[in-house]
Amino acid sequence: MGFLIESTLKAVGIITSLDREFLSIVLLSLRVSGTAVIIATAAGILLAVCIYQMQSPVKRLLIPLLNTSMGLPPVVVGLFIYLLLSRSGPLGMLNLLYTPTAMIIAQCVLATPIIAGIAHASMISADPEIRFTALCLGASELQATLRVIRETRYSILSSVVAGLGRVIAEVGAVLIVGGNIAGYTRVMTTAIALEADRGDFILAIALGMILLLLSLCINAMLYIFQKRGAID
Amino acid sequence: MNFWRNTITGILLVLLLLTVSTGNAETRIRCASTTSTQNSGLFEYILPLFEKDTGIKVDVIAVGTGAALELGRRGDVDVVLVHAKDDELRMLRQGWFVNRHDVMYNDFVIVGPPEDPAGIRSLQTAVDAFRRIAERNTKFISRGDNSGTHKKELSIWKAAGINPEGKKWYLQVGQGMAKTLRIAANLRAYTLTDRGTYLSLVDRERLGLKILLEGDPLLFNQYGVMAVNPERYPHVKYKEAMTFINWLISDRGQKAIASFRDARGNQLFHPNAD
C-alpha cells in the first residue's frame, strides 16, 4: 500500500512539474484523437443524413450494419488499417504506416459509426412534425433535414463527445498502426502499457490520472449536452 | 444561430492549437527491433548520440525478433536490429536484407522463484535445467511470440529432447520480455530471459525473481543489424539506413553501446562488431 501511495504522490509531482516527455505524450493524444473526431464528425453526420434521407430497401440493411460497427473492436480496426497501409498493402505507397496520420485514420474509423449511429437515431426520434411542418411550409427535402439536425443538435454533440471518449481511451488500434514510437507516435494509452511493462509506474500513473480526468470532463460535457437537449 | 457559431469557433480554435503542435519535417528512418533493446533503455541512450552526429532521427518499433524481421520483409521499415542469427542469415540469403553486421551481445539467463522448486541452481547447463523443470512439472513461462528469446528457448527444449507443447506446466503468453517476467514472477514460475531486460526492470527487487542459471555457452545472445534490400523495396531509405549501420559498428557507436548503463549502473550490452 505504501508503494502505491508513494508512486501516486510522485505521479502528481510529474503532472504539476509539467515534465516535457509527459506533456508531449498528452498533447499527441489530444492532437490525434481530436483530429480524428473532427473528421469523424463531418463523416458521421453526412452518413447519418444519407441514411435518414434514403428511401430504398437497402436502408433496412444499413441500419443494423451501422449499429454493429458502433462497437468495432479497436484491434481489428488496427489490423485492417495496418494491412491497408503496409508497404506490401494496397495503400503502401502513401508511406503512412507508423505515423500520427495512420493513428488518426484508425481512430476516425472507430469514431465515425458511433457519431453516425447516435446522430441517426436522434434524427429518427425527433418529433416527425418538424419535418412534416417544414415540408408543408415549402422547404426542400434537404432544408427539412437541416431543420431536423438543428432540432437534434444537442444529441449530435453528445454523439461527438461519445466518439471522443471512445478513441482517446483506445489502445489496440493506435499500437498496431502507430508502433508506439517514442516522441512520435507514443500516446497516453500506449505509454501506460509500456511503462507498466518496464516497472516505471510513476509515469504510468501520472498518464492514467490525466486520462481519467479527461474521461471525467468528457462525461461532464455529455451530461450537460444531454440535459440541454432534454430541456429543448 | 448563436449555438452553431460558438461551436464552430470552438472547433476552429482547437484545430489551430493542434496544427501548431505538429512536428516539422526531418530525415527519419524506421528501425524494427526487439522489446529487449527498448525495455532496457538502450535506444533512448544511443539514438540521441546518433542523431547529433548525423541529423537522422531513428523511429524504433519494438516488437519480437520474428515480428521485426517480418516488418522488414514487408518493407515497412528501413533497418532491423534483432537477435536470431540463423534466421537473419537465412533472410539475408533469400534477398530480403543486405549488409548484415554483428553489433553487440549479451546473454540469456534462466530466472525463477528464489526458493527454486525444481532445484536447478546447482546445475551447469541450460539443457539440464530444462530437463529438470520438465521432470518436476514446475511452471515455465514461454514468450510464445516467435521472438529471438522464444527461438532460443525452443532450441534448448529441442536439445533436451523434450516437447513441452501442450503440457500443463508450460504456459505460452505471447507477450514481450518484460511482461513475461512479470507473469513468471506472479505465478512463481521459471522463464528464459535476456540478462538486459531482467536487470533493467525498475522494480526488480519487488518482483522476487532470481537468476538461477547462467554462463552456459549455449545462452550466448548475439545482436545483429541489417538493412532492408533496396532492390526489393526501392522506397526504403537505404542510404540513411547504411549511415545508421555504419555508425553502430564504428568506434563511436561501439563505444556508445559499451558506455550504456541501466539505472543501477549495470552494463547490459557488450559491443562486438566484426
Side-chain angles (χ1 to χ4, degrees), chain A residues 3 7 21 23-24 26-28 30-39 41-42 82-83 85-89 92-95 97-101 104 149-150 153-154 156-157 160 175-176 178-186 193-204 225 228 232, chain B residues 1 3-4 7 10-12 14-15 17-23 28 30-32 35 38-41 43-44 47-48 57-63 70-78 175-182 185 197 200-207 228 232-233 235-237 263:
Chain A
F3 162 68
S7 308
E21 187 193 358
L23 261 186
S24 73
V26 173
L27 279 178
L28 181 69
L30 290 176
R31 178 154 77 89
V32 167
S33 299
T35 315
V37 167
I38 289 168
I39 300 168
T41 302
Y82 169 80
L83 292 173
L85 297 182
S86 168
R87 269 292 167 178
S88 313
M93 64 289 179
L94 297 177
N95 205 10
L97 193 61
Y98 303 131
T99 62
T101 312
I104 291 172
I149 291 181
R150 234 198 110 180
R153 60 189 182 270
Y154 287 110
I156 291 178
L157 258 185
V160 174
L175 187 61
I176 297 181
N180 196 21
I181 298 167
Y184 188 50
T185 58
R186 185 166 297 169
L194 174 70
E195 297 306 334
D197 271 1
R198 289 167 72 157
D200 188 354
F201 294 105
I202 294 162
L203 184 56
F225 289 141
R228 280 224 209 162
D232 274 20
Chain B
M1 291 305 275
F3 169 84
W4 287 112
T7 315
I11 290 174
L12 285 180
V14 172
L15 259 182
L17 271 173
L18 295 171
T19 33
V20 168
S21 56
T22 314
R28 4 180 34 122
R30 289 198 191 112
C31 172
T35 54
Q38 176 170 59
N39 288 340
S40 63
F43 279 127
E44 278 168 47
L47 291 183
K57 217 167 160 57
V58 183
D59 291 333
V60 178
I61 293 122
V63 286
E70 185 59 26
L71 287 181
R73 205 178 62 81
R74 294 179 65 96
D76 286 334
V77 292
D78 306 302
Q175 307 277 356
M177 195 67 252
K179 197 163 277 164
T180 303
L181 283 165
R182 266 168 219 292
T197 306
S200 66
L201 291 180
V202 177
D203 56 342
R204 176 154 51 86
E205 281 87 8
R206 226 183 355 260
L207 277 180
V228 173
R232 293 256 190 178
Y233 293 106
H235 69 268
V236 293
K237 294 178 181 147

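Small disclaimer: the values here were computed from a predicted structure and weren't measured. In what follows, chains are A, B, ... by sequence order, proteins preceding strands, each numbered from 1.
- Arg198(A) and Asp203(B) make their closest contact through O-OD1, 4.4 Å (heavy atoms, listed as atom of the first residue, atom of the second, distance).
- Heavy-atom distances place no part of Arg204(B) under 4.5 Å from chain A, backbone and side chain included.
- Residues Ser88(A) and Arg74(B) approach most closely at OG-O, 2.8 Å, considering heavy atoms.
- A distance of 11.0 Å separates CG of Asp200(A) from OG of Ser200(B), quoted to the nearest 0.5 Å.
- Taking all atoms of both residues into account, the shortest heavy-atom contact from Asp197(A) to Lys179(B) is OD1-CE, 2.8 Å.
- Panel note: side chain Asp76(B), backbone Arg87(A); a donor-acceptor pair is recorded below 3.5 Å.
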Salt bridge (charged side-chain N to carboxylate O under 4.0 Å, His left out) between Glu44(B) and Arg186(A), intermediate numbers included | CA-CA 14 Å; Glu44(B) 278 168 47; Arg186(A) 185 166 297 169; 5.2 Å; no

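- Side-chain contact between Leu194(A) and Asn39(B): present, with at least one pair of heavy atoms (C-beta onward) separated by less than 4.5 Å.
- Put simply, the side chain of Arg28(B) reaches to within 4.5 Å of the side chain of Tyr184(A), judged on heavy atoms.
- Between atom CG of residue Asp59(B) and atom OG1 of residue Thr99(A) there is a gap of 10.0 Å, rounded to the nearest 0.5 Å.
- In this structure, chain A has no heavy atom under 4.5 Å from any part of Phe43(B).
- Remark: Arg30(B) is not positioned above the aromatic ring of Tyr98(A), lacking an NZ or CZ atom under 6.0 angstrom from the ring centre and at most 45 degrees off the axis.
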